Protein chains: 2
Amino acid sequence: MEDVKKSEKYSCVATCPMRNVIAHFANKWSMLLLVILDEFGVMRFNELSRAIPDISPKVLSGHLKTLEAIGLVRRVLYAEVPPRVEYDLTGLGMTLIPILDELSEWGREHLEDVSGNLAKKVVD
Amino acid sequence: MEDVKKSEKYSCVATCPMRNVIAHFANKWSMLLLVILDEFGVMRFNELSRAIPDISPKVLSGHLKTLEAIGLVRRVLYAEVPPRVEYDLTGLGMTLIPILDELSEWGREHLEDVSGNLAKKVVD
DNA sequence: CTGGATCCTATGGGATACTG
DNA sequence: CAGTATCCCATAGGATCCAG
């Protein structure tokens, strides 16, 4: 840390794990979905819809699919009519929960309340 | 948790701390900026630019301003010619670092490497 | 009930040039 | 050096309707 010039240690483009996190979670719903699934356990599509009233079905579906692809969420389809689909966290998904809880708690302590409004301008 | 029907506990729109976190950090650069500032300490604008080569000056400036407004980053302007501005984490900013480090470490262990490519399609 | 298909827009972000 | 001004664009996300 001391024996190397800053400029030589710079550039974090490759092999920066935080970038992987950001690539997956810098979006409006992924982290929220995970904490909701943790809080309520097994949930059906419409239950998730009701739990997060301000997400559209298309976007909800898309995020669930992505989270399933990463291996954080499990999707179980029951061959019934009408169809029943249940979502819950995988083991891997659960390993993320403690961290998200810390994050959440940190936000509760240190961030102004946005009253659910997730649209937040950052630049401009 | 057991004595209340799910549907009655639903809806997390108001007073969900995770939403506050998302409102501030569901973007491409905020969390990365914080960990970089933690790693390198006091940094000037161009040092940050070089540390994150793929961020434009406008966007960098915007995020720094926002992070300063939240109280996570401190900006110190020195009345010199040419001007010198130094950025570093505030005490509050530092309280977030352990959590971000956990997140980062989690990503290193469990996420595929995106090789710095932060543009990640989630839906569609 | 689960979600796909469509259409649409807001905006986060990029590139570049320029200034005090 | 430290940004701002401009212009531009991709796309994440929203609304609605429809289908198996």
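In this text the structure is predicted, and so the values were computed from the model without any measurement. Here is the naming used below: chain letters follow the sequence lines, and residue numbers restart at 1 for every chain. Heavy-atom basis, side chains included; hydrogens, waters and symmetry copies ignored.
- For the pair A:Leu77 CG and D:dG20 C1', the computed distance is 12 Å after rounding to whole Å.
- Straight-line distance from the CD atom of A:Glu47 to the P atom of C:dT2: 8 Å, rounded to whole Å.
- For A:Phe45, taking side-chain heavy atoms from C-beta onward, the closest of the listed nucleotides C:dG14, D:dA2, C:dG3 is C:dG3.
- Checked against C:dG14, D:dG3, D:dA2, the side chain of B:Arg84 finds its nearest nucleotide in D:dA2.
- Using a 4.0 Å cut-off between charged nitrogen and carboxylate oxygen, A:Asp54 and A:Lys28 do not count as a salt-bridge pair.
- Between B:Arg75 and D:dG3 there is a side-chain polar atom (N or O) within less than 4.0 angstrom of OP1 or OP2.
- A close approach under 4.0 Å does not occur between any side-chain nitrogen or oxygen of B:Asn27 and OP1 or OP2 of C:dG12.
- Taking CG of B:Leu34 as the start and CE of B:Met94 as the end, the distance is 11.5 Å to the nearest 0.5 Å.
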Check the pair A:Ile36, A:Leu48 against side-chain contact (heavy atoms from CB on, under 4.5 Å), reporting the backbone distance first and the verdict last. CA-CA 8 Å; A:Ile36 296 261; A:Leu48 282 164; 4.2 Å; yes
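- Under 4.0 Å is where a charged nitrogen must lie from a carboxylate oxygen, and between B:Arg50 and B:Glu47 no such pair does.
- For B:Arg44, a side-chain nitrogen or oxygen approaches OP1 or OP2 of D:dA2 to under 4.0 Å.
- Straight-line distance from the CG atom of B:Leu60 to the P atom of D:dT4: 10 Å, rounded to whole Å.
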What string of B, S and - do you get for nucleotides 15-20 of chain C, 5' to 3', when a contact is any protein heavy atom under 4.0 Å? BB---B
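- Contacts of A:Tyr87 with the nucleic acid, taken as non-hydrogen atoms under 4.0 Å apart, involve only primed sugar atoms and P, OP1 or OP2.
- Between B:Lys65 and D:dT4, a side-chain N or O to OP1/OP2 separation shorter than 4.0 Å is present.
- How far CD of A:Glu68 is from OG1 of A:Thr66: 9.5 Å, rounded to the nearest 0.5 Å.
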Check the pair A:Ser104 / A:Asp101 against side-chain hydrogen bond (donor to acceptor under 3.5 Å, both in side chains), numbers first and verdict last. CA-CA 5 Å; A:Ser104 184; A:Asp101 282 345; 5.7 Å; no
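- A:Phe45 CZ to A:Leu60 CG: the interatomic distance, rounded to the nearest 0.5 Å, is 4.0 Å.
- In the set D:dA2, C:dG3, D:dG14, the nucleotide with an atom closest to the side chain of B:Val85 is D:dA2.
- Between A:His63 and D:dG13 there is a side-chain polar atom (N or O) within less than 4.0 angstrom of OP1 or OP2.
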